[in-house]
Amino acid sequence: MNETKSTCPYCGVGCGVLIESDGAQITGVRGDPDHPANFGRLCTKGQTLHLTASAPITLHARLRTPRLHGQAVSWDHALDTAADTFARIATEHGPDALGFYVSGQLLTEDYYVFNKLAKGVLGTNNIDTNSRLCMSSAVAGYKATLGADAPPACYDDIEHAQCLFIAGSNMAWAHPVLYRRLEDARRRTPAMKVIVVDPRRTETAEQADLHLQLQPGTDVALFHGMLHLMLWEGLTDTQHIADHTHGIEALKAIVREFTPRETARITGLSEDQIVQAARWFGGSTATLSLYCQGLNQSSSGTDKNAALINLHLATGQIGKPGAGPFSLTGQPNAMGGREVGGMANLLSAHRDLANPAHRAEVARLWGLPEVPAKLGKTAVEMFQAAADGEIKALWIACTNPAQSLPDQATVTRALQRAEFVVLQEAFDHTATANFAHLLLPASSWGEKEGTVTNSERRITRVRAAVPAPGESRADWVIARDFGQRLETRLRPGRPTLLPWTTPEAVWNEHRETTRGRDLDISGLSWQLLDHAPQCWPYPAGATSGQERLYTDRCYATDDGRARFAAVPYRAVAEARDARFPFSLNTGRLRDQWHGMSRSGSIGRLFGHTPEPAIDLHPQDMARLRLQDGDLATVASRRGSLVLPVRSSTNLKPTQAFVPMHWGPELVTGGVNTLASPALCPQSRQPELKHAAINIVRADLPWRLVAMAWCDESQALQLRQQLRSLFGGFGYASCVAFGHERSGVLFRAAAAGPASAATLAQVAALFGLQGERALHYQDVRRGQHRSVRLGMVQGQQQLQAVLLAGNTRAEAWLAPLLQQQLPAQTYGRALLSGSATPPGPAPVCSRQVCSCFDVSEAQILHALTASTGPADTRLARLQTQLRCGTQCGSCQPELQRLVTSQSLAA
Ligand code: SF4
């Protein structure tokens with residue numbers, strides 16, 4: 001067995017991993033004990049990476065050869081066709097008729113090549129990335145206040161902080177390993193105060209000393225209100241303001257209006273809560289803010305970021321251990337993309353496209369007379385331009401816009417109208433693949449060489465453990481080979497701008513562009529990086545990277561002074577009204593990642609949240625006469641879809657929440673049908689955290705549910721086949737289940753019974769045919785029930801179930817199948833359609849611990865017999881069931897269950 005050092009490809013924590021392989025296949029993964037981001041820890045997602053790599057389930061879903069209009073073709077033919085098409089469009093319509101949409105999942109070298117290809121070779125700035133949906137407001141916020149896009153703090157600061165201010169981040173789920181460090185720090189420093197700002201009572205908010213459950217989009221008002229109090233109560237650092245900042249007077253004029261009463265009115269918080277937050281923030285010896293999409297994904301995202309940074313500048317909580325504003329990146333290499341300028345408004349090494357001197361510098365570095373001055377289209381704008389016919393060809397790499405962009409109706413129009421859509425991807429089952437004229441197989445995690453940068457500016461080497469399957473190629477190689485073909489067509493006879501033969505050569509060129517910039521890494525060689533991850537800046541002559549910035553209070557502005565941002569408070573772009581009276585929020589699940597193209601391939605990661613649902617407050621559920629599991633039509637101004645509803649007291653009335661992951665691959669329509677494309681005017685980041693919606697009961701009385709264990713190598717194919725049936729129902733979803741085995745669950749609803757042909761199709765897909773399948777059918781009433789039994793270790797067990805019409809028996813047939821319990825004793829009752837079995841019903845319970853497959857029912861059962869203090873009961877529980885003892889992602893939930901049981905007792 002070999003072990004290869006690399007990083008986890010999911011979130012921006014950037015955990016180091018050791019990939020175990022036999023040289024041909026990835027066989028396991030564990031946390032790298034030497035990596036300073038995680039010191040050996042991994043969360044549920046990181047720990048299951050190997051199951052999404054070489055396992056049969058995903059290997060069968062990998063793209064292996066280029067496909068042009070559905071037919072396998074050679075790489076030469078694929079790239080020549082793409083180059084001919086792009087060159088023709090550039091000649092006929094100009095280079096701005098082309099667009100590149102890339103990804104925060106790409107490595108820095110991939111990003112660099114794409115950026116130079118678009119801006120250098122083609123001469124268009126129409127290159128943007130899904131990081132636009134994730135952190136462009138953080139970039140704009142840093143630049144507006146501190147002068148550079150450089151998060152000033154590092155992970156170690158969590159251990160030095162006395163007050164943690166977590167805004168718009170459910171880091172217990174979204175950045176789990178970093179949250180483990182926070183838990184450790186709290187244990188070591190019991191006096192540490194944790195404030196969480198979030199409209200939802202998330203797992204992170206649940207554990208806070210103070211949860212500020214504000215109204216959606218009112219963060220700027222809260223931060224201004226806190227500054228008002230800090231100024232009033234003398235909690236500001238007047239020396240720091242006088243010596244190192246500009247603009248406090250203009251800001252004072254704005255925050256004067258934000259009295260505690262006015263702030264409470266806008267935010268929905270109590271005055272006491274606002275006062276408490278201001279005192280803890282301003283009165284602490286070290287305050288660290290951790291923030292994420294709740295601030296960024298907003299039509300006032302830049303202002304929210306800047307207003308929070310104002311608090312740090314006013315109190316001097318920056319540039320010292322345990323203090324500073326610290327944005328958490330969602331994606332593994334959003335930072336790397338920012339570094340190489342891989343966005344429509346940026347150039348290499350944090351240079352600005354709008355700055356003529358910066359453009360001239362990059363042109364000189366690239367050996368070009370100029371780089372184009374016209375700002376490129378950002379993510380949402382690029383797809384709008386394609387929908388309008390302005391952009392005629394799209395190159396999409398390593399991302400799934402048909403799932404993740406807001407306003408999916410426009411995205412669909414764009415992908416349908418574009419003359420030529422190229423998708424460079426590892427998997428063939430993403431929604432975007434359906435629209436691609438040309439599919440190019442890209443290598444994936446464990447198969448690539450390069451670098452990534454995590455949230456704390458730490459660059460880590462990414463290494464290949466195994467060869468990529470089939471004819472897959474590295475992303476930067478695909479971009480280079482395409483770009484060189486374009487050069488022969490558009491600038492013949494001139495030396496190539498894309499000459500590299502190794503990722504190291506690409507990285508060296510990128511490194512040279514950083515010389516003298518705020519992210520200067522001219523002193524960091526590939527060999528040094530091979531030895532250990534390093535933070536930037538790392539200028540020539542340095543012996544290590546700089547982990548904490550602005551310790552000298554000299555900011556990255558022309559005069560070294562930071563700027564207070566005198567920003568007004570603006571409400572969300574889309575006001576609620578009588579037609580759309582609910583506010584829709586979106587966010588992450590604990591065990592899933594983005595569009596689920598990787599994490600959603602294995603059943604284990606569905607255990608915690610098995611199926612899609614929209615959360616509503618119980619009062620709203622009662623008012624709408626809805627109960628858990630009922631179907632509701634959810635509509636925004638852009639479209640609608642049907643979702644099951646779920647009651648949640650984590651939300652305030654008139655608010656709704658749906659996880660961002662449920663795309664059209666898993667549920668009819670996909671949640672971003674609803675999302676708003678309203679943009680922050682500075683960062684151009686869309687307001688994915690708020691849309692005004694309406695919710696009404698869906699009249700779809702006829703139901704179908706089918707589930708089966710299946711061959712691991714067939715599971716994803718079966719899901720794709722079932723997805724093709726979605727259009728025949730008012731609601732349909734298809735997910736995976738199973739801890740050690742692979743199961744598929746299909747659910748559908750309609751106004752009336754499905755046709756016999758459709759039922760036969762579903763039954764055939766689930767193998768409900770042949771002598772082992774038993775059937776009951778009442779065609780007149782639209783009732784159909786089938787089960788298939790199989791002998792497993794001497795027992796008859798359910799292998800597949802289909803219930804159509806009356807689906808009440810799912811309540812006990814589903815746990816019977818999924819828990820692999822003996823089924824022979826139930827006999828004919830298996831087809832009875834009864835909601836209860838003869839005899840005791842198997843317990844159906846949600847999974848809490850995904851590492852050891854421990855359910856909520858098992859935990860509650862173990863706790864009933866347990867007495868003593870909460871800590872002792874938790875420790876006893878973990879000894880007994882092992883839950884939470886491996887990755888720790890379920891720790892907050894275990895603590896909540898222990899506490900709620902204690903309170904109940
Ligand atoms: Fe991966 Fe989890 Fe670490 Fe994020 S916290 S990098 S998802 S292991």
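Since the model is a prediction, treat every value here as computed from it, not as a measurement. Residue numbers run from 1 in the order of the sequence given. As the structure lists them, so they are numbered: ligands from 1, and atoms in each ligand from 1.
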Task: Asn38 touching ligand 1 at heavy-atom level, < 4.0 angstrom - done: no
Those atoms of ligand 1 less than 4.0 Å from some heavy atom in [X]:
| X | answer |
| --- | --- |
| Tyr10 | 7 (S) |
| Val177 | 3 (Fe), 5 (S) |
| Lys45 | 7 (S) |
| Pro176 | 5 (S) |

Task: atom 4 (Fe) of ligand 1 - nearest protein heavy atom and its distance - done: Cys11 SG, 2.3 Å
Task: Identity and distance of the protein heavy atom lying nearest atom 6 (S) of ligand 1 - done: Cys15 N, 3.5 Å
Task: Donor-acceptor pair, side chain of Gln592 and main chain of Leu605, under 3.5 angstrom - done: yes
TODO: Only heavy atoms count here, so choose which of Cys43, Ser455, Gly14 is nearest to atom 8 (S) of ligand 1.
DONE: Cys43
Task: atom 1 (Fe) of ligand 1 to nearest N/O/S of Cys8 below 2.8 Å - done: yes
- [ ] May I ask you to check if any N/O/S atom from His175 comes under 2.8 Å of atom 4 (Fe) of ligand 1?
- [x] no
Do [X] and [Y] have side chains that approach each other closer than 4.5 Å (heavy atoms only, starting at C-beta)?
| X | Y | answer |
| --- | --- | --- |
| Ile309 | Tyr142 | yes |
| Ser599 | Asp591 | no |
| Ser131 | Met335 | no |

- [ ] Of all the heavy-atom pairs spanning Leu308 and Ser289, show the shortest one and how long it is.
- [x] CD1-OG, 3.7 Å
Task: Asp149/Arg457 salt bridge by N-O under 4.0 Å criterion - done: no
- [ ] Answer yes or no for Arg598 and Phe427: cation-pi contact, defined as NZ/CZ to six-membered ring centre under 6.0 Å and angle to ring axis within 45°.
- [x] no
